[in-house]
Structures are given as structure tokens and as C-alpha cells.
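Data block below; observations after.
Only this structure's heavy atoms are used, side chains among them; waters, hydrogens and symmetry mates stay out. All values reported here derive from a predicted model rather than from experimental measurement.
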Amino acid sequence: MLGGAGDRRDRALELARAGYAPVLALSTPNARHCPTVPNVKVICFRPDPFTTQGEAREAGRLAARYGWTRMIFVTDRSQNVRARLRIDRCYAGKKIMVSVDPPFRDWPYLIAYQWSAMFKALIWQRSC
């Protein structure tokens, strides 16, 4: 799960409890609040940098470490395209993107933020 506001944590936990993966990796600013899920290994990490780029790098490292060939990524709808771009640069395996809807009131800010962040990802930060 990529970090951020909204219901993505709930969605990631729901997918883990439903048996979609034996491991749940959560990007979080505070690993002390790492949840437990029966029969699921939970990994909480703080990416470096604490951005989508850092999360993509950590996803690539975790996949290499554990031999993962496919991953489900939980994002919010406004971040989905940019997150896939970033993840594609760091992880070559199969990706399934699951999006949650951010609150309607957040869309004006998110549109402006995501467009500028996408520009940065396309122009200045073109590597993993």
C-alpha cells in the first residue's frame, strides 16, 4: 500500500484478510502502528525519500529480496497513473493497481498536486 490519506489502508487490509496475498507491505510514517492480520506477514516501512518514488524503490527492493513476481498496489485514484509510472521504473513484475476514491473535497488540491508531481516524474526524476 502506498501511503497517503483516504481509505487505502482499509482496502489493503481487506485484500490481505481476503487472502489475495501472503504478505502485506504498508508504507507508513510510523511503523509502530503496524497492524496484524492472521496468516499474513505484515511489513511496515518508511520509504526514503518519503514519496511515491521512495515507495516504488522500496517495492522493487522488497520484490528482489522476497522473490515476488507480482504485486497488488493500493493507491488513491488521483495517484494511480503516476504511481504506476514510478513503480514500472523500479519493479519489472506484474502489477495490479487497486484504487480507492479520495474524499470529493480533496479533488481540487489533488488535481493540482498530481499534475505537478507527474510533470516532475516525467521531466526531472526519470529513473527509479
Could you tell me the separation between the [atom1] atom of [X] and the [atom2] atom of [Y], rounded to the nearest 0.5 Å?
X    : Y    : atom1 : atom2 : value
Q125 : F119 : CD    : CZ    : 12.0 Å
D48  : E55  : CG    : CD    : 12.0 Å
E58  : L2   : CD    : CG    : 12.0 Å
Q53  : L85  : CD    : CG    : 10.0 Å
W115 : L110 : CH2   : CG    : 14.0 Å

**Q.** Distance-only donor-acceptor check, side chains S78 and D76, under 3.5 Å
**A.**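 Distance-only check passes for S78 and D76.
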(Q) Evaluate F73 against I87 for side-chain contact (heavy atoms from CB on, under 4.5 Å), listing each step before the verdict. (A) CA-CA 9 Å; F73 292 90; I87 293 163; 3.4 Å; yes
Could you check whether atom [atom1] of [X] has more than 12 heavy atoms from other residues, nucleotides or ligands sitting under 6.0 Å from it?
X   : atom1 : result
Y20 : OH    : no
N39 : CG    : no
R70 : CZ    : no

Q: List the steps and the verdict of side-chain contact (heavy atoms from CB on, under 4.5 Å) for T75 and M97.
A: CA-CA 7 Å; T75 68; M97 305 301 285; 4.0 Å; yes
Can you confirm whether [X] sits close enough to [Y] that some side-chain heavy atom of one is under 4.5 Å from a side-chain heavy atom of the other?
X   : Y   : value
Y66 : I43 : yes
D88 : K95 : yes
C44 : H33 : no

Q.
Could you walk me through whether L13 and V37 satisfy the side-chain contact (heavy atoms from CB on, under 4.5 Å) test, starting with their C-alpha distance in whole Å, then the side-chain angles of each, then the deciding distance to 0.1 Å, before giving a yes or no?
A. CA-CA 8 Å; L13 290 168; V37 179; 3.7 Å; yes
Q: Check the pair M71, I96 against side-chain contact (heavy atoms from CB on, under 4.5 Å), reporting the backbone distance first and the verdict last.
A: CA-CA 6 Å; M71 296 172 75; I96 299 169; over 6 Å; no
Q: Compute the centroid of each ring, for W68 and then for Y91, and state whether the two points are separated by less than 6.0 Å.
A: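 That pair fails the under 6.0 Å test.
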Q | Pairs where residues 88-128 contributes a residue and the test disulfide bond (SG atoms under 2.5 Å apart) is met, not counting sequence neighbours | A |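 Counting only pairs at least two positions apart or across chains, the disulfide bond (SG atoms under 2.5 Å apart) contacts touching residues 88-128 are C90-C128.
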